[in-house]
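Some notes on the structure that comes next.
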Amino acid sequence: MNAAEPLLRVRGLTKHFPVRSGLRSRGLLRAVDGLDFDVRPGETLGLVGESGCGKSTTGRLLVRLLEPTAGTIEFAGRDITHARRRELRPLRQDLQIIFQDPYASLNPRHTVGRIVAMPLQVNGIDPPGGVKARVRELLELVGLNPEHYNRYPHEFSGGQRQRIGIARALALRPRLIVADEPVSALDVSIQAQVVNLLRDLQRDLGLAFVFIAHDLAVVRHFCQRVAVMYLGRIVEIGDRDDIYQRPRHPYTRALLSAIPDVGALGPAGRIRLTGEVPTPLDPPSGCRFRTRCPRAQEVCAREEPTLVTRDDARQAAACHFPEAGPPTPSHPDAAGPGGAVVDATPAGDGAGRLDGNAGEVAR
Amino acid sequence: MDSPQAAPPGPPDAHPDAPGTPDDRRPAVPQPRVDDEPYLRVDDLRVRFDTADGVVRAVDGVSFTVRRGRTLGIVGESGSGKSVTSLAVLGLHDPRRSTVTGRITVGGRQLVGLPEDRIRRLRGRDVAMIFQDPLSALHPYYTVGRQIAEAYRVHHPRAGRRAARTRAVDMLDRVGIPQPARRYDQYPHEFSGGMRQRAMIAMALVNDPALIIADEPTTALDVTVQAQILDLLADLQAEFHTAIVLITHDLGVVAQVTDDVLVMYAGRVVEQGSATQVLRRAQHPYTWGLLSSVPSLHGDPDADLVPIPGNPPSLIHLPPGCAFHPRCRYAGDRSRAEVPRLVPTGADGHLVACHLPPDERTRLAAGALSERRLP
Amino acid sequence: MSVSPVDPAALAETGTGPGGDRSGAGFVGRSPGQLAWARLRRDRTGLVSGAMLVFFVLVALAVPLIEWAYGVGPREQFQSRLDGFGMPLGYAGGVTGEHWFGLEPGLGRDIFIRLVHGLRTSLFIAVAAAVTTAVIGVVLGTVAGYLGGWVDAVVNWVTDLTLAMPFLIIALALTPTLALRFYGQRDEVPAAFQIGVLIAVFALFGWTSTARLVRGQVIALREREFVEAARASGAGLGHMLFRQLLPNLWAPILVSFSLAVPAYVTGEAALSFIGVGLTDATPSFGRMIYRSLDYLQTDPAYVFFPGVTIFALVFAFNLFGDALRDALDPKSSR
């Protein structure tokens, strides 16, 4: 891992939205509530969680589409938390965003060429060889036909539109890209194309990524480090292998075991979480996950756990009673149903998944 | 799955207490009884839409059967025709803008061409639908309970208001909604996403339908909630002895809950068989492609995914021959010229529509599937 | 059971983009505007009403030419062709080869040439008023919608205030007062001034609907990710409003414009009819219809020609506006 200075340093990042329903009842929607994390140059950090966990708000805070309520964002050593538009301008070139919806993220009245050239135009940049040449180069880079320069977005399929959005984000040669669910609106076969494209770009251009997703399997294929969010907080953060093979936080474990796996036929013997994510208008006291946590005890309601590295673990988890061992597999072949602690199958292993030949598991 | 040619249609409830075929993959949950006769039989279904840009052949000759107590998964990407198929089963296509041909037999009654009021009597009573987005499927200005009670009274005109209410509260309770009597009087916006989907399921089940069509029922939900809903559907199926058609793009969901699988591409079935056959011994290059492009929690995370190249075709300008040939690396001259027919692979009930010779296909299948990132 | 989401779902699934499979079929992109034009050309109602509009506009533009060719001026009186009661001689209000639409009873002026002049006046007032209201409405609506906050509150407040003002009473009070203020009792009020006042009155009251429409559109667009993408690239207000938002507002602006013009045509006629708009010196639809009502029984042909013309003009505009909306936004109506 790169030991250099972090490119992005986030401390105590908080975003509260005031909520008015009707004339009276006011409240605060605690979308993001005190995040700390770093992203080093060329590193990919995955931000995962269910809807309402604040991951998309975080992404928009990072590129300053939203104004943080509290906390600091430092980019390349400069505090950009409350920088004005003019001050941000040089940083905009280093910090770009890719959006989820390939239909809403492209202006339907602009040609592809104009869309991709927009960041250059807005910042008054005239690249060597001209804007048009640069746009063609970008289109080629993301696997599109540069001859499609004069076409309109409606003439492209979802995957191609997402490539246009990526080309636009690359136009200014950024150092960090925030990708907000870039593949979740795409079909499976197209999703893999775009993930591979992003991986190639990350490798070839040395880009750092904050990759926001709800799909843990996609994140596993893209990110070196992973932060799991729940109700505006990071509950666990660490290197990919630690998170996926030795998750400590019960929420991470539940999330991992809830993913239906193609390789495992039949009903899952997963950790069953009851209920749904509570409203961020009124998060539970103490640990926010305690209302759904199979291990919650009385102390969890009183004290909010801090995000710390404990015992021999390498990742930090915010839990009073972190678990150890490999995750509960999302299929019934290995573990008993709903077991919080799992028998000792080797890490990352799981029997009964697709094994190529006629390896069907007899039940 | 039964091959569509076999077994004549028969009344579904002819043997209501017939011993179900033991399902060997579900020891943990209650045993669903499985009928011998298919409840839903679709033969050579074709759905066309006439648009300003040309004729869209959304579904082009699809056949399948589902028995009570079994779950059929229809898998495909957008534009594959999977949703159009399910809507046709409910007779929900506007006859002014679409042409539906073929045979759809539900519980022995043929639906295609039936007048709207006859189909409407079936809809909701014998066949119920669960939509992807419960918020748009529930009326925002009526309480959830009232909508369920209304759905009951439509098919039970003699049931009183109170009886309908009791029934609705029972159903809310049955689908795991806490405090059902209080929840009865709440509006859809007061429900969370998962609760809304549970309410939709309660509404679908209120008339004890024999067939449920679930169109991407968990796509809009978080994974932990999705897990709850899938469990609920499996439990309810065992209890109510329903046939389920589950439409999804998520192969993980298919692997988890379905007995049989239909893989669709550009309006046609490219492969069908039991879940084990399709997911473990897939024979069609498109199925291989789907399986290998899904990111997995296992295997080498640093290896590239293996996507299917290219983009799905336009249904108006379908490629000649096998519609998948422009994206298929095994396509030959025959694939470009001739539409492959769905033929048995040799394994019981496993059908595939591909021009590759069977032995070569089997050989390639082993290779294609081992490309998956295995530990 | 709700069955509402059926057709959108079905169509959404079939709506795969054409980009993938025909990438070899030339690289000429069809812009949304070109697509709308193609749809408009397939719409027969749109074509016929559009042709009628083009005809009306051409007539209005060619008034001096028509007058020269026709050889009769709008103020010329042909008393010799009236009978002792001031009624035109001959059939159908005096229709002859020289006076195509006959003559006015009383003054004996040529109806055809007055109608052509009236068309020009009415169209000019209506188009000018529609352009003014569109500009005011678009500017206020865009700014309010995009900036939100107190700007939005103020614009909304002014909109509500304007809507609360009684149009007719203010028009009735304002027009004579202004004429009195600038020209006194004796001087003749020039036609240009009257026309200007009419346009101003329409503009003052007409911008609210456009502003509301545009504001709503902008609020919807503001949440779209392409707007966020431009902001994330550091785009300023000007770029946001003119480059990103405005191109997406042309459709509603054009439609509301094409529906505003006929409203102002009838509005001008109504105001002139009750005597607040133009005077008799300037030929206009309103004055003609007003005068013709005195002869409704004795000379029905006099009311017929201006009535039919104004009806055809307004009808064509409204039909065209509907066709335009269908072409620009195919999902709205069907």
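For clarity, every value in this text was computed on a predicted model and none was experimentally measured. All chains are named by letter (A, B, ...) in the order of the sequence lines, taking the proteins before the strands, and each is independently numbered beginning at 1.
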Between atom [atom1] of [X] and atom [atom2] of [Y], what is the distance when rounded to the nearest 0.5 Å?
X	Y	atom1	atom2	value
A/S189	B/L291	OG	CG	12.0 Å
B/Q226	A/I259	CD	CD1	9.5 Å
B/N311	A/I190	CG	CD1	4.5 Å

Between [X] and [Y], is any pair of side-chain heavy atoms under 4.5 Å apart?
X	Y	result
A/R199	B/L305	no
A/V195	B/P295	no
A/D200	B/D304	yes

Identify the heavy atoms of A/P260 and B/Q256 that sit nearest to each other, and give their distance.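 Closest approach of A/P260 to B/Q256, heavy atoms only: CB-OE1, 3.2 Å.
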Between B/D250 and A/V188, does the side-chain contact (heavy atoms from CB on, under 4.5 Å) criterion hold? Intermediate values first, please. CA-CA 8 Å; B/D250 188 333; A/V188 187; over 6 Å; no
What part of [X] is in contact with chain B, defined as an atom under 4.5 angstrom from a non-hydrogen atom: side chain, backbone, both or neither?
X	result
A/V218	both
A/R220	both
A/Q191	side chain

For the pair A/D187 (side chain) and B/S78 (backbone), establish whether a donor and an acceptor sit closer than 3.5 Å, ignoring hydrogens and angles.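 At least one qualifying donor-acceptor pair exists.
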Show, in sequence, the C-alpha distance, side-chain angles and deciding distance for A/Q193 and B/S293, and conclude whether the side-chain contact (heavy atoms from CB on, under 4.5 Å) test is met. CA-CA 8 Å; A/Q193 295 177 4; B/S293 49; over 6 Å; no
Which one, B/V223, B/V225, B/D302, B/V254, leads in non-hydrogen pairs under 4.5 Å with chain A?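 If we count pairs closer than 4.5 Å to chain A, B/D302 comes out on top.
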